[in-house]
Amino acid sequence: MKLVLKSLFIFILLNSSSLFAQFNVNNMSLEAGYGYTGAIEPYYKGFKSNFSGMNHFNVGIRYMFTEKIGAKVSYKFDHFVNDPGGDVGITYNTISVSGVYNIGKEFGLTYLTRDRFGVNAHIDAGVAFAYMIGKNEYEQVKVVGIGITPMYNISNKITLTADFTHNFTSDQNYGFDGQLIDPINKKPDSGSFYNFSFGIIYYLGENRYHSDWY
């Protein structure tokens with residue numbers, strides 16, 4: 001217990017200057033996005049579909065501990081379905097936690113553009129609750145993602161975003177076509193998919209500025 005308290009004290013001490021510097025700025029935001037889900041693998045290539053399309057939605061809440069480092073909790077919806085037809089595929093409902101890093105501030109982009117353009121990078125880890133379309137079958141899939149989020153600041157409360165995230169899956173028994181990957185041995189496999197989306201950030205708080213742009 002003493003070791004934990006000591007480590008916590010050291011952490012606070014090392015980050016105190018950044019934390020106090022943000023005392024008069026907002027640190028929390030609500031975020032949402034809509035866009036494209038692209039299945040990479042696995043799925044049976046014999047289908048006349050790549051199981052990709054405008055079937056991605058996400059919503060989350062983010063908190064910045066310092067002007068560059070923060071965390072985010074998100075819900076993501078990804079629908080992989082054959083086109084035409086729509087009767088074969090899989091749906092992911094994902095809960096994830098992300099570490100966020102403001103690389104725009106790191107490289108001076110926000111300063112150079114007078115707080116108009118910025119870029120956040122993020123690493124995600126979560127669990128997807130997968131549902132096979134047309135079947136009464138479910139599974140849980142581990143998902144890890146890495147992404148980049150360009151931002152365009154409109155006002156002190158609203159920012160527009162674009163985001164590209166590459167996701168890696170593990171413990172996946174069903175492909176993006178909703179079929180068993182290994183029907184004989186039923187051995188799970190790994191896979192990957194990506195998201196490209198546009199979205200909006202709404203900044204919470206009573207202060208004038210958010211730490212993204214302060």
Side-chain angles (χ1 to χ4, degrees), residues 26 28-41 43 49-64 70-104 116-134 138 140-169 172 174-178 191-204 210 212-213:
N26 299 317
M28 188 170 290
S29 60
L30 295 177
E31 306 182 13
Y34 170 77
Y36 189 85
T37 291
I40 299 177
E41 61 179 358
Y43 64 88
S49 173
N50 60 6
F51 295 89
S52 303
M54 296 294 292
N55 298 313
H56 170 79
F57 170 77
N58 68 81
V59 62
I61 184 167
R62 174 167 58 94
Y63 185 87
M64 298 301 290
K72 180 179 175 181
V73 177
S74 303
Y75 163 76
K76 303 177 184 180
F77 173 85
D78 291 285
H79 190 55
F80 305 92
V81 62
N82 65 315
D83 182 20
D87 55 353
V88 176
I90 194 170
T91 296
Y92 278 11
N93 291 278
T94 306
I95 303 297
S96 66
V97 177
S98 307
V100 180
Y101 187 65
N102 192 323
I103 59 176
R116 188 59 65 187
F117 290 96
V119 180
N120 281 343
H122 58 91
I123 297 177
D124 316 326
V127 177
F129 299 89
Y131 165 71
M132 273 51 72
I133 298 173
Y138 304 82
Q140 294 183 16
V141 178
K142 297 175 183 177
V143 182
V144 175
I146 181 169
I148 188 167
T149 309
M151 304 183 294
Y152 178 72
N153 189 25
I154 293 181
S155 70
N156 291 337
K157 285 294 184 181
I158 300 293
T159 288
L160 299 181
T161 66
D163 181 84
F164 179 81
T165 302
H166 192 105
N167 303 282
F168 303 89
T169 65
Q172 185 176 352
Y174 292 85
F176 297 116
D177 53 9
S192 61
F193 66 98
Y194 65 91
N195 306 122
F196 181 75
S197 61
F198 293 96
I200 188 170
I201 297 175
Y202 179 76
Y203 296 119
L204 302 175
H210 187 272
D212 281 351
W213 308 104

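Along the sequence shown, residues carry numbers from 1. Note that this is a predicted model, so its numbers are computed, not measured.
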Is any side-chain heavy atom of Val88 closer than 4.5 Å to one of Ile133?
no
Please determine whether the number of non-hydrogen atoms from other residues, nucleotides or ligands lying under 6.0 Å from atom CZ of Phe168 exceeds 12.
yes
For the residue pair Phe80 and Tyr92, does the interplanar ring angle fall in the parallel (under 30°), tilted (30 to 60°) or perpendicular (over 60°) class?
perpendicular
Between Asp163 and Thr165, do the side chains contain a donor N or O and an acceptor N or O under 3.5 Å apart?
yes
Cation-aromatic face contact Lys157/Tyr202, 6.0 Å, 45 degrees:
yes
Donor on one side chain, acceptor on other, Asp177 and Asn82, under 3.5 Å
no
Strictly by modelled atom types, are Thr159 and Tyr203 linked by a side-chain donor-acceptor pair under 3.5 Å?
yes
For Tyr43, which of Phe176, Phe51, Phe193 qualifies under ring-ring contact (aromatic ring centres under 6.0 Å, His included)?
Phe51
Closer than 3.5 angstrom, by distance alone: can the side chain of Arg116 be matched with the main-chain N or O of Asn153 as a donor-acceptor pair?
yes
Nearest-0.5 Å distance that lies between atom OG1 in Thr149 and atom CD1 in Ile103
9.0 Å
Strictly distance-based, threshold 3.5 Å: is any side-chain N or O of Ser49 a donor or acceptor partner for the main-chain N or O of Asp83?
yes
Can you tell which of Tyr174, Phe129, Tyr131 makes a ring-ring contact (aromatic ring centres under 6.0 Å, His included) with Tyr138?
Tyr131
For Ala39 versus Ser52, what's the shortest heavy-atom pair and its separation?
N-OG, 2.9 Å
Shortest non-hydrogen contact between Gly178 and Met132, atoms and distance:
O-CG, 3.5 Å
Decide whether Asn120 and His122 meet the rule of one side-chain donor and one side-chain acceptor closer than 3.5 Å.
no
Around Leu160, counting heavy atoms of other residues, nucleotides and ligands shown, do more than 12 lie under 6.0 Å from its CG?
yes
Under 3.5 Å, is there a donor on one side chain and an acceptor on the other for Tyr75 and Asn93?
yes
Under a 3.5 Å cutoff, is there a donor and acceptor pairing between the side chains of Asp124 and Ser98?
yes
Indicate whether the side chain of Asn55 and that of Asp78 have a donor and an acceptor atom separated by less than 3.5 Å.
no
Relative to each other, are the rings of His79 and Phe77 parallel, tilted or perpendicular (30° and 60° limits)?
parallel
Do side-chain atoms of Thr169 reach the backbone of Val143 as a donor and acceptor pair under 3.5 angstrom?
no
